[in-house]
Protein chains: 2
Amino acid sequence: MPRRSDRPLDRDLIAACALALFREGGLAAVTTRRVASALGVSPMALYVHVGNKEGLLDAVVERLMRAIKIDLDSEASWPAQAEQWAHALRAELSAHPGAMDLLRTRRWALVRCTEPLIRALLAAGFSEERAIRAARLVTWVTMGFLSVESGVDLLGSDDRQADRLERSLDRLEVLEGRAATSPASRGRGVDRADIDALFSLELRLIVRGLEAGLDLEPHD
Amino acid sequence: MPRRSDRPLDRDLIAACALALFREGGLAAVTTRRVASALGVSPMALYVHVGNKEGLLDAVVERLMRAIKIDLDSEASWPAQAEQWAHALRAELSAHPGAMDLLRTRRWALVRCTEPLIRALLAAGFSEERAIRAARLVTWVTMGFLSVESGVDLLGSDDRQADRLERSLDRLEVLEGRAATSPASRGRGVDRADIDALFSLELRLIVRGLEAGLDLEPHD
DNA sequence: ACCTGAACACCGTTCAAGT
DNA sequence: ACCTGAACACCGTTCAAGT
């Protein structure tokens, strides 16, 4: 992370510094005042270059996403490539825990990453319109999953969540009186393996559906 | 929204007041200080009853979700009921724009709402374990979609997003040189109808996949 | 046991002033 | 054109003090 005024301060330098703070402490750590002080500059010096807090965060996602390159195996079938794309994106973004906090309201920052996906679909003979719509579906599915996933606190013991979840499950009348589910699946919440499996499954169902042309049927 | 100290201040009264603020101004409007002043009380008076900000927000979601009842048509097939459940949840939550900001990190608050879904699956002959896993999938899919959807700013002209999106799309090399997509789908972003259709499609693919038993196949 | 007031360590942002 | 310092209107939370 850059310090002092060895360089004349511009949007890029600010973004680099803010991104460094983001990587360390997530969205909460990106503060105009903290970025400024890390750059050895007054908070107001930033405003000329990024406009305001919103613009600062725009610069952060932009830089974050520019570092992400998704390469697909062009020999593979398009369904395989679609799944590969989603898994690759998830892998990249899971390296930056707070990424979805930024991306959820800044879909434009992801567009560049969807290029290989759209390219794969076009190469497979999709019409331009269908390719864009299919890519949008896969993108939303992936972003949605990552967004929910990012709300799951697996780090630490997370006793609060687990407690509340257990209490909620215990109150579920449907399950009452039934042979209690294996304690493993009852109130335990989800772990890494569950989440990975859930993502793979969701993705598979979506891609298989596209493969079957279910997106071409007239909709209710 | 309740005012003054006509009642002796407890967790429920605080939650009711905070929820009222939430409905008006979203998550940003729910502030310990604002809730306190709306109740005609010092900020610190809340701490005895809700612990801290986190606990205050817990109380808000709890109350928010308790007001949501999802009724399914038990005559319908389980796939129909599953889709019905998701559409109903989306309809309820879309009435509270910031709801996903609270729910994303508080999955336990949604458990109660999944009861009719699990019940429908069990009634259709699902094993308890498969019912829970299928319900979890449908829940994550729905929450994920709503989470992304809530980041889409359709209100107002949202020029900033649209501009940035357009610029991102214009930079997509894949689309360059091609017969420009219909201006309608190029850079325009998405509108209400697109999003509704996308949700219906995603849901249909997931439910059709479950129907086909794709969740029972051995996973890679 | 419950509530208050003053205080602390933060925020984002405005504004007049400097160079 | 770029940056600073002081100030404003907020935050969540601690702590000693009141009843």
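What you are looking at is a predicted structure, and each value in this text was computed from that prediction instead of being measured.
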Quick test of your reading of the model: are [X] and [Y] salt-bridged, counting only N-O distances below 4.0 Å?
| X | Y | value |
| --- | --- | --- |
| A:E24 | A:R34 | no |
| B:E115 | B:K69 | no |
| B:D12 | B:R63 | yes |

Treating [X] as the side-chain partner and [Y] as the backbone partner, does any N or O pair qualify as donor plus acceptor under 3.5 Å?
| X | Y | answer |
| --- | --- | --- |
| B:T142 | B:V138 | yes |
| A:D196 | A:A193 | no |
| A:R112 | A:M65 | yes |

Mapping B:Y47 and A:V48 onto DNA chain D by nearest heavy atom, which one lands closer to the 5' end?
A:V48

Chain A footprint on DNA chain D, 5' to 3' - any atom under 4.0 Å from a heavy atom:
D:dC3 to D:dA7

In dot-bracket form, how is DNA chain D paired, counting a Watson-Crick or G-U wobble pair only if both its distances are under 3.5 Å and using | for bases paired to another strand?
||.|||||...|||||.||

Can you list, pair by pair, the side-chain donor-acceptor contacts under 3.5 Å of residues 92-103 of chain A, counting residues two or more places apart and other chains?
from, atom 1, to, atom 2, distance (Å)
A:S94, OG, A:R90, O, 3.1
A:S94, OG, A:A91, O, 3.0
A:H96, ND1, A:R23, NH1, 3.4
A:H96, NE2, A:R23, NH1, 3.4
A:D101, OD1, B:R104, NH2, 3.2

Would you call the rings of B:W140 and A:F145 parallel, tilted or perpendicular if under 30° counts as parallel and over 60° as perpendicular?
tilted

Closest-nucleotide mapping onto DNA chain C: is B:S42 or A:R33 further toward the 5' terminus? I mean the 5' end.
B:S42

